[in-house]
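Accompanying notes for the structure given below.
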Amino acid sequence: MLPALYYFIRYRHLHERQRPPTRGNRIALTLALSSLSTTIASAILAPPDPFTQVLYRLAAFAVALPVAYLLVYRQQPERTSGSA
């Protein structure tokens, strides 16, 4: 957990991306964000029954996927206007 915090706070800002993310990177980030958020939400909100947690997770994933999509795709890469 501590290495992940270090990465998000310090290391990531020191090593910014040189190119905009590819379509595959954005899809992977969207799925990762929605999966992580639904896992955390179902662990906190659902009863301790494993079958109920799976049902909560599926329902939450249907909500979290569009939200994660909006979070990932709202930042459009900056386009440089080159004079050629």
Side-chain angles (χ1 to χ4, degrees):
M1 176 93 163
L2 290 177
L5 283 175
Y6 173 76
Y7 174 77
F8 283 119
I9 293 172
R10 182 80 176 138
Y11 183 81
R12 186 182 67 153
H13 293 294
L14 292 175
H15 301 283
E16 291 291 329
R17 235 182 229 277
Q18 299 298 324
R19 291 176 274 158
T22 63
R23 184 171 188 233
N25 288 346
R26 287 180 186 251
I27 291 171
L29 182 58
T30 302
L31 291 175
L33 284 175
S34 59
S35 176
L36 179 65
S37 64
T38 57
T39 300
I40 292 171
S42 69
I44 293 171
L45 300 174
D49 175 32
F51 298 109
T52 307
Q53 283 190 352
V54 169
L55 290 176
Y56 273 54
R57 191 174 295 157
L58 290 174
F61 190 76
V63 173
L65 190 61
V67 172
Y69 176 83
L70 291 175
L71 288 174
V72 170
Y73 282 91
R74 74 172 178 194
Q75 297 176 350
Q76 297 297 325
E78 295 179 11
R79 296 176 187 234
T80 57
S81 57
S83 57

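The shortest distance between side-chain heavy atoms of T39 and F61 does not fall below 4.5 Å. Counting heavy atoms from C-beta outward, L65 and L31 have side chains that approach closer than 4.5 Å.
S35 places no side-chain N or O within 3.5 Å of a backbone atom of A32 that could act as its donor or acceptor partner.
In terms of heavy-atom proximity, Q53 sits nearest to P48 at NE2-CA, 4.2 Å. Residues Y73 and R23 come closest through the heavy atom pair OH-O, 4.0 Å. Heavy atoms only, all atoms of each residue included: P47 and T52 are closest at CD-CG2, 3.7 Å.
Here the straight-line distance linking atom CD1 of I40 with atom CG of L45 works out to 11.0 Å at 0.5 Å rounding. Separating the CD1 atom in I27 from the OG1 atom in T22 is a distance of 8.5 Å, to the nearest 0.5 Å.
Atom OH of Y69 has 12 or fewer neighbouring heavy atoms from other residues, nucleotides or ligands inside a 6.0 Å radius.
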